[in-house]
Amino acid sequence: MHRSTITQARELLRQKKLSSVQLTEAVFARVDQVEDKVKAFVHLTREKALQQAQNADTRIAAGEDAPLLGIPLALKDLICTEGHRTTCSSKILDQFVSPYNATVVEKLHQAGAVIVGKTNMDEFAMGSSNENSYHHPTMNPWGLDRVPGGSSGGSSAAVSAHECVAALGSDTGGSIRQPAAFCGVTGLKPTYGRVSRFGLVAFASSLDQIGPLTKTVADAATLMNVIGGKDPRDSTSADVPLPDFTQALQKDVKGMKLGIPKEYFSTGGINPDVEKAVQEGIRTLESMGMQAVEVSLPHLDYAVATYYIIACAEASTNLSRYDGVKYGYRTEKSDNLVNMYENTREEGFGEEVKRRIILGTFVLSSGYYDAYYLKGQKVRTLIKQDFENALGQCDVIAAPVTPYPAFKLGEKLDDPLQMYLADIYTISANLAGIPAMSIPCGFAEGLPVGLQLMGRHFDEASLITVGHKFQQATDFHTKQAPL
Amino acid sequence: MSFDIEHMAVLARLKLTPDEKERLTDQMGTILAYIEKLNELNTDGVEPTAHVLGLSNVFRDDEPAEKPLADHNPISDSPAHNKGHYEVPKIL
């Protein structure tokens with residue numbers, strides 16, 4: 001029962017073959033069974049979830065219907081939930097209780113969702129392995145000595161291990177798609193501005209986006225219908241009509257053009273087994289009537305450098321708010337205001353966060369701003385133009401998500417640059433602001449491989465159409481982690 | 001390029017340990033050397049992108065929020081507060 005998708009569970013609930021309380025209890029039984037091994041969660045909200053499930057059952061009994069009514073979901077621990085801790089997997093926010101709900105949480109509640117708990121992540125979403133969590137690392141259900149990816153690794157592991165039916169994560173440079181690929185689940189980063197960021201703890205505000213991690217593309221469509229749309233409380237959310245994404249599931253892909261960016265197969269040191277799985281995925285899409293065309297994204301090789309300038313610059317600014325005064329952790333060791341700030345931040349932030357604050361501070365500092373930050377913003381324009389050109393010649397771009405399958409815990413921890421380069425295929429979509437999705441397309445070394453689909457601004461629907469057709473023709477997304 | 005970790009730590013309000021300073025200086029050397037590759041690109045005349053959607057200012061009427069934090073006093077979130085005020089160490 002805990003293995004259900006949203007679509008399956010909603011059908012059973014509607015037919016009254018299953019109650020939300022039964023489903024929620026089954027999910028928690030699964031959590032009790034596997035969580036010791038996976039450690040996907042930072043905290044569980046068991047009692048409240050069962051109350052929400054009871055409420056859902058009452059609503060169902062009264063004949064009500066809502067897209068997520070009675071469905072147990074998990075939230076990455078940087079999405080604010082009123083009255084609950086939101087730690088960002090950081091010591092500096094470890095005891096922080098959010099005073100309000102993020103807009104996406106309000107929307108989930110309105111849609112009837114049951115919230116199982118908050119999932120682990122790299123501290124402040126900075127990382128590609130979940131090893132930068134203040135709490136504990138999370139393990140990949142497909143190999144417990146492997147990382148689940150990051151930074152939404154708790155969410156991807158929880159979905160993969162069926163500790164929730166679906167989850168929300170956030171993606172600044174690949175933080176939904178890379179863990180989705182590593183854990184064999186579906187992950188969608190919406191267009192920048194599609195989903196409200198109100199109540200999402202900020203990392204890099206021009207790149208961050210909330211999105212779904214699910215067992216199927218159809219479930220991602222259901223969640224996008226709920227969480228998308230303009231929000232007056234987020235001035236960067238876009239006033240663009242929200243289509244019914246479930247209608248995109250009915251469409252055919254025949255005649256759609258699939259762009260293959262040659263650079264993604266010659267840059268970044270792609271593992272041959274990963275490349276093979278991705279190429280086979282592309283052939284499957286061709287066999288369904290898509291027309292493959294070669295496109296070029298010539299600035300791929302500059303994306304990581306550009307990203308780390310811009311993301312760290314924004315992070316150093318955003319994280320200046322953690323000063324030990326208004327909320328969060330405060331040092332015991334201080335005798336004046338300045339050393340209270342300095343000691344609070346030194347003790348409260350982990351190593352990767354400090355590294356990025358220092359890098360961001362440097363690229364914004366007097367004398368270096370033009371050479372680094374301004375240069376990065378200009379190259380960002382070139383990367384964005386690459387995608388405008390490529391997506392002028394095709395409807396959807398297909399590419400790998402990661403150069404290799406899930407790596408071992410500890411393998412890249414001592415080499416920050418190697419860890420950053422793990423994101424080479426995902427970060428361009430954030431720099432360009434376009435939607436991008438990862439779907440399971442095969443295995444390498446017995447570990448899941450993701451196929452990345454990227455589309456035009458606000459055209460998540462095409463990704464959903466192509467991804468859903470792919471999942472109708474293949475069974476990679478139904479394979480189970482050996483837990 | 002000269003990377004001055006002492007100065008950066010002051011600007012970032014981070015009290016780094018000597019060990020951290022050494023390691024970060026090292027790592028910044030590697031990372032900044034990698035970033036240098038952007039200089040291979042001629043960006044003369046290219047407009048910088050600060051924001052992908054090209055947003056302009058968003059205004060609203062200056063009125064209280066629809067749903068204020070009714071029962072929640074934000075000062076109570078502070079790690080040190082007293083009689084409705086934030087407490088901080090002496091400034092002067």
Side-chain angles (χ1 to χ4, degrees), chain A residues 96-97 99-100 192-193 206 232 235-236 238 299 301-302 304-306 308-309 316 320 323-330 334-343 345-346 349 351 354-355 357-359 361-362 365 368 371-372 374-382 384 416-417 420 432-433 457, chain B residues 1-5 7-17 20 23-24 27-28 30-41 43-53 55 57-60 65-67 69 72-81 86-92:
Chain A
F96 173 67
V97 173
Y100 57 81
Y192 182 86
S206 80
S235 61
T236 63
H299 295 98
D301 202 23
Y302 302 95
V304 173
T306 305
Y308 278 91
I309 290 173
S316 72
S320 64
D323 58 3
V325 175
K326 294 178 287 298
Y327 52 89
Y329 173 80
R330 182 189 290 191
S334 68
D335 52 19
N336 65 52
L337 188 66
V338 170
N339 71 26
M340 189 278 280
Y341 293 153
E342 291 178 338
N343 287 324
R345 291 163 62 79
E346 168 65 13
F349 291 135
E351 189 174 328
K354 285 185 228 176
R355 188 155 44 235
I357 289 174
I358 290 289
L359 179 57
T361 302
F362 176 74
S365 65
Y368 298 102
Y372 289 95
L374 193 61
K375 183 81 182 178
Q377 286 189 311
K378 287 180 173 183
V379 180
R380 184 177 186 180
T381 302
L382 299 178
K384 191 174 160 234
L417 183 58
Y420 297 171
H457 284 134
Chain B
M1 195 276 299
S2 67
F3 181 79
D4 179 354
I5 188 70
H7 183 48
M8 290 309 127
V10 169
L11 290 179
R13 296 282 187 269
L14 283 169
K15 171 126 192 100
L16 301 171
T17 64
E20 280 179 314
R23 198 162 59 241
L24 280 168
Q27 291 169 341
M28 285 303 139
T30 312
I31 294 167
L32 291 171
Y34 178 78
I35 286 175
E36 293 287 327
K37 78 188 296 158
L38 295 188
N39 293 327
E40 295 165 10
L41 296 172
T43 51
D44 293 348
V46 176
E47 284 290 313
T49 295
H51 199 279
V52 284
L53 300 181
L55 293 174
N57 276 337
V58 177
F59 296 105
R60 65 166 172 79
E66 239 170 73
K67 191 193 160 203
L69 299 172
H72 187 81
N73 176 3
I75 291 176
S76 66
D77 294 331
S78 170
H81 57 95
Y86 294 117
E87 267 190 346
V88 292
K90 67 172 190 266
I91 294 170
L92 294 172

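Here is how names work: the chains are called A, B, and so on, in the same order as the sequence lines, proteins then strands, and each is numbered from 1. Keep in mind that this is a model prediction, so the values were computed, not measured.
For Val58(B), the part lying under 4.5 angstrom from a heavy atom of chain A is the side chain only. Interface remark: Asn339(A) contributes no atoms to any contact with chain B (heavy atom separation under 4.5 Å). Interface remark: Asn57(B) contributes no atoms to any contact with chain A (heavy atom separation under 4.5 Å). At a 4.5 Å heavy-atom cutoff, Ile75(B) makes no contact with chain A through either its backbone or its side chain. Only the side chain of Leu24(B) comes within contact range of chain A, judged by heavy atoms closer than 4.5 Å. With a threshold of 4.5 angstrom between heavy atoms, Ser76(B) does not approach chain A through any atom at all.
Contact of the Val325(A) side chain with the Glu87(B) side chain is not registered, since no non-hydrogen atoms from C-beta on lie closer than 4.5 Å. When side chains are defined from C-beta on, Asp4(B) does not count as touching Phe362(A), because their heavy atoms never get closer than 4.5 Å. Between Leu53(B) and Tyr192(A), the closest side-chain pair of non-hydrogen atoms falls below 4.5 Å. For the pair Val379(A)/Thr43(B), a side-chain contact is recorded, criterion being any heavy-atom separation below 4.5 Å from C-beta on. Looking at heavy atoms from C-beta onward, Ile358(A) lies in side-chain contact with Phe3(B) at the 4.5 angstrom threshold. Side-chain contact between His81(B) and Lys326(A): absent, with no pair of heavy atoms (C-beta onward) separated by less than 4.5 Å. Side-chain contact between Arg345(A) and Lys15(B) is absent, with no heavy atoms from C-beta onward closer than 4.5 Å. Using a 4.5 Å heavy-atom threshold, the side chains of Glu346(A) and Leu16(B) count as touching.
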Glu20(B) vs Lys354(A), salt bridge (Lys or Arg N to Asp or Glu O under 4.0 Å): CA-CA, chis, key distance, verdict:
CA-CA 10 Å; Glu20(B) 280 179 314; Lys354(A) 285 185 228 176; 2.7 Å; yes

Check against side chain to side chain contact (heavy atoms under 4.5 Å, CB included), Val46(B) and Leu382(A):
CA-CA 8 Å; Val46(B) 176; Leu382(A) 299 178; 4.0 Å; yes

Where do Leu359(A) and Leu32(B) land on the side chain to side chain contact (heavy atoms under 4.5 Å, CB included) test, with the steps shown first?
CA-CA 9 Å; Leu359(A) 179 57; Leu32(B) 291 171; 3.8 Å; yes

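For the atom pair Arg380(A) CZ and Leu38(B) CG, the distance stands at 13.5 Å (nearest 0.5 Å). Here OH of Tyr302(A) is found 4.5 Å from CG of Leu41(B). Values are rounded to the nearest 0.5 Å. To the nearest 0.5 angstrom, Arg13(B) atom CZ is 13.0 Å from Ser316(A) atom OG. From Leu14(B), atom CG reaches atom OG1 of Thr361(A) across 7.5 Å, with rounding to the nearest 0.5 Å. With rounding to the nearest 0.5 angstrom, the OG atom of Ser235(A) is 10.5 Å from the CZ atom of Arg60(B). The line from CG of Asp335(A) to NZ of Lys90(B) is 6.0 Å long, rounded to the nearest 0.5 Å.
In terms of heavy-atom proximity, Ser206(A) sits nearest to Ala50(B) at CB-O, 3.7 Å. For the residue pair Pro79(B) and Gly324(A), the shortest heavy atom distance occurs at CG-O, 3.3 Å.
Ranking Asp323(A), Val338(A), Asn336(A) against chain B, the residue ahead of the rest is Asn336(A), based on heavy-atom pairs under 4.5 Å. Between chain B and the residues His457(A), Arg355(A), Met340(A), the largest count of heavy-atom pairs under 4.5 Å involves Arg355(A). Contact count versus chain B (heavy atoms, under 4.5 Å) is highest, among Asp301(A), Ile357(A), Thr306(A), Val97(A), for Asp301(A).
Enclosure of atom CD in Glu47(B) is not indicated, since only 12 or fewer non-hydrogen atoms of other residues, nucleotides or ligands lie within 6.0 angstrom. Within 6.0 Å of NE2 in His51(B) there are more than 12 heavy atoms belonging to other residues, nucleotides or ligands.
For the pair Lys375(A) (side chain) and Glu36(B) (backbone), a donor-acceptor distance under 3.5 Å is absent. At least one donor-acceptor pair closer than 3.5 Å links the side chain of Thr381(A) to the backbone N or O of Thr49(B).
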